[in-house]
Amino acid sequence: MVLAHDAVVLAGGTGRRLGGVLKPQVEVGGRRLLDHVLDATTAASRVVVVAPEAVPVPDGVTRTLEDPPHGGPVAGIAAGLRALGEGEALVLVLACDLPGAAAAVPRLLAAAEGRIADGDGVVLSDDGGREQWLLGLYARPALEAAIASVAAAGGVRGAPVRALVGPLLLLAVPAAQGEVRDIDTWADRDDYLCENTGTNTTGRSIE
């Protein structure tokens with residue numbers, strides 16, 4: 001049985017490195033980045049997407065946005081938790097630029113079974129041991145306490161994610177290929193397609 005959890009998907013970035021294109025709307029393999037990431041939330045009790053009105057969200061998904069907009073991921077997480085209201089004791093936090101999230105989340109949830117009580121969350125880490133904090137399952141009370149601490153220290157707007165998760169005790173789970181690869185630029189998108197699907201941006205197979 002899957003651990004009960006809610007999900008917050010961060011999709012409110014400016015897309016500055018994508019020439020102004022909204023990042024959630026970028027297509028990878030014929031589907032929006034946001035849709036790839038929403039595939040990772042199918043087991044969640046409730047899902048909140050932190051995104052502007054210009055980004056369509058599916059029926060059954062709650063939309064919210066930090067106020068003022070473009071406040072960064074910590075402000076987005078805080079807004080997402082507020083929109084959830086009272087909910088599950090665990091919350092899945094996902095950035096919208098991780099098309100491999102759907103493959104990763106079941107392993108993340110399995111790793112948390114029986115171990116989440118010993119810490120504050122479970123996150124993926126890459127081959128170099130770098131943790132991807134925006135692909136993680138967190139104990140909601142610990143995450144809310146960390147947000148309150150960041151807010152008291154100067155505010156959540158523009159705060160680095162490191163400041164949020166630094167005090168938390170996190171279990172790192174090694175990622176499989178492509179799971180923590182984020183898409184920040186068009187070159188990132190092309191590299192991801194080549195490495196994980198064997199196609200280029202025109203859809204032709206790469207031999």
Side-chain angles (χ1 to χ4, degrees), residues 2-15 22-26 31-106 108-109 112 116 120-124 132-151 155-161 163-165 168 170 179-180 182-183:
V2 176
L3 289 171
H5 64 282
D6 294 320
V8 172
V9 178
L10 304 176
T14 62
L22 291 171
K23 186 182 288 189
Q25 300 293 91
V26 170
R31 301 178 68 219
R32 297 184 305 161
L33 272 172
L34 178 59
D35 294 324
H36 282 283
V37 175
L38 286 173
D39 286 347
T41 69
T42 56
S45 301
R46 290 181 300 161
V47 180
V48 170
V49 171
V50 183
E53 290 290 336
V55 176
V57 300
D59 292 341
V61 172
T62 300
R63 180 207 306 279
T64 192
L65 190 63
E66 70 271 22
D67 186 17
H70 310 310
V74 178
I77 293 169
L81 292 179
R82 284 194 299 271
L84 280 173
E86 293 186 10
E88 305 289 359
L90 299 175
V91 59
L92 184 65
V93 175
L94 300 170
C96 77
D97 59 359
L98 295 164
V105 166
L108 205 65
L109 291 166
I116 193 73
D120 300 318
V122 182
V123 298
L124 287 192
Q132 174 50 273
W133 298 313
L134 299 182
L135 205 172
L137 182 72
Y138 295 89
R140 182 166 175 175
L143 190 59
E144 290 180 327
I147 288 172
S149 178
V150 172
V156 295
R157 183 173 177 80
V161 179
L164 177 68
V165 303
L168 302 180
L170 301 176
E179 289 180 343
V180 294
D182 55 358
I183 309 296

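The chain is numbered in sequence order, starting from 1.
Between Leu137 atom CG and Leu90 atom CG the span is 5.0 Å, to the nearest 0.5 Å. Glu53 contributes atom CD, which lies 8.5 Å from atom CG of Leu65 (distance to the nearest 0.5 angstrom). Atom CG of Leu92 is separated from atom CG of Leu135 by 7.0 Å, given to the nearest 0.5 angstrom. Between the CG atom of Asp97 and the CG atom of Asp182 there is a distance of 5.0 Å, given to the nearest 0.5 Å. The structure places CG of Leu34 at 12.5 Å from NZ of Lys23, a figure rounded to the nearest 0.5 Å.
Side chain of Glu66 to main chain of Gly71: a donor-acceptor pair is present (N/O by atom type, distance under 3.5 Å, no hydrogens or angles). Using modelled atom types, one side-chain atom of Gln132 and one backbone atom of Leu134 make a donor-acceptor pair closer than 3.5 Å. Proximity of a side-chain donor or acceptor of Arg157 to a complementary backbone N or O of Pro69 within less than 3.5 Å is detected.
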Give the intermediate values and the outcome of side-chain contact (heavy atoms from CB on, under 4.5 Å) for residues Arg31 and Asp39.
CA-CA 11 Å; Arg31 301 178 68 219; Asp39 286 347; 2.7 Å; yes
May I have the step-by-step check of side-chain contact (heavy atoms from CB on, under 4.5 Å) for Leu164 and Ile147, ending in yes or no?
CA-CA 6 Å; Leu164 177 68; Ile147 288 172; 3.5 Å; yes
Starting from the C-alpha separation in whole Å, work towards a yes-or-no answer on side-chain contact (heavy atoms from CB on, under 4.5 Å) for Val123 and Val165.
CA-CA 11 Å; Val123 298; Val165 303; over 6 Å; no
Worked verdict on Tyr138 versus Leu170 for side-chain contact (heavy atoms from CB on, under 4.5 Å)
CA-CA 9 Å; Tyr138 295 89; Leu170 301 176; 3.8 Å; yes
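Scanning both residues, Ala79 and Thr64, for their nearest heavy atoms gives O-CG2, 3.8 Å. Heavy-atom minimum distance, Leu10 versus Ile77: CD2-N, 3.7 Å. Nearest heavy atom pair, residue Ala11 against residue Pro52, reads O-CD, 3.7 Å. Nearest heavy atom pair, residue Ala146 against residue Leu168, reads CB-CD2, 4.2 Å.
Side chains of Pro160 and Val74 form no contact here, defined as non-hydrogen atoms less than 4.5 Å apart. Side chains of Val55 and Val49 form no contact here, defined as non-hydrogen atoms less than 4.5 Å apart. At least one side-chain heavy atom of Glu179 sits under 4.5 Å from a side-chain heavy atom of Leu124. Residues Arg32 and Cys96 fail the side-chain proximity criterion, which asks for heavy atoms closer than 4.5 Å.
In this structure Glu144 satisfies the salt bridge (Lys or Arg N to Asp or Glu O under 4.0 Å) test together with Arg140, sequence neighbours excluded.
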Anything under 3.5 Å between a donor and an acceptor, one on a side chain of residues 2-9, the other on a protein residue two or more places apart or in another chain? List them.
residue : atom : partner : partner atom : Å
His5    : ND1  : Leu3    : O            : 2.8
Asp6    : OD1  : Arg46   : N            : 3.2
Asp6    : OD2  : Glu88   : N            : 2.8

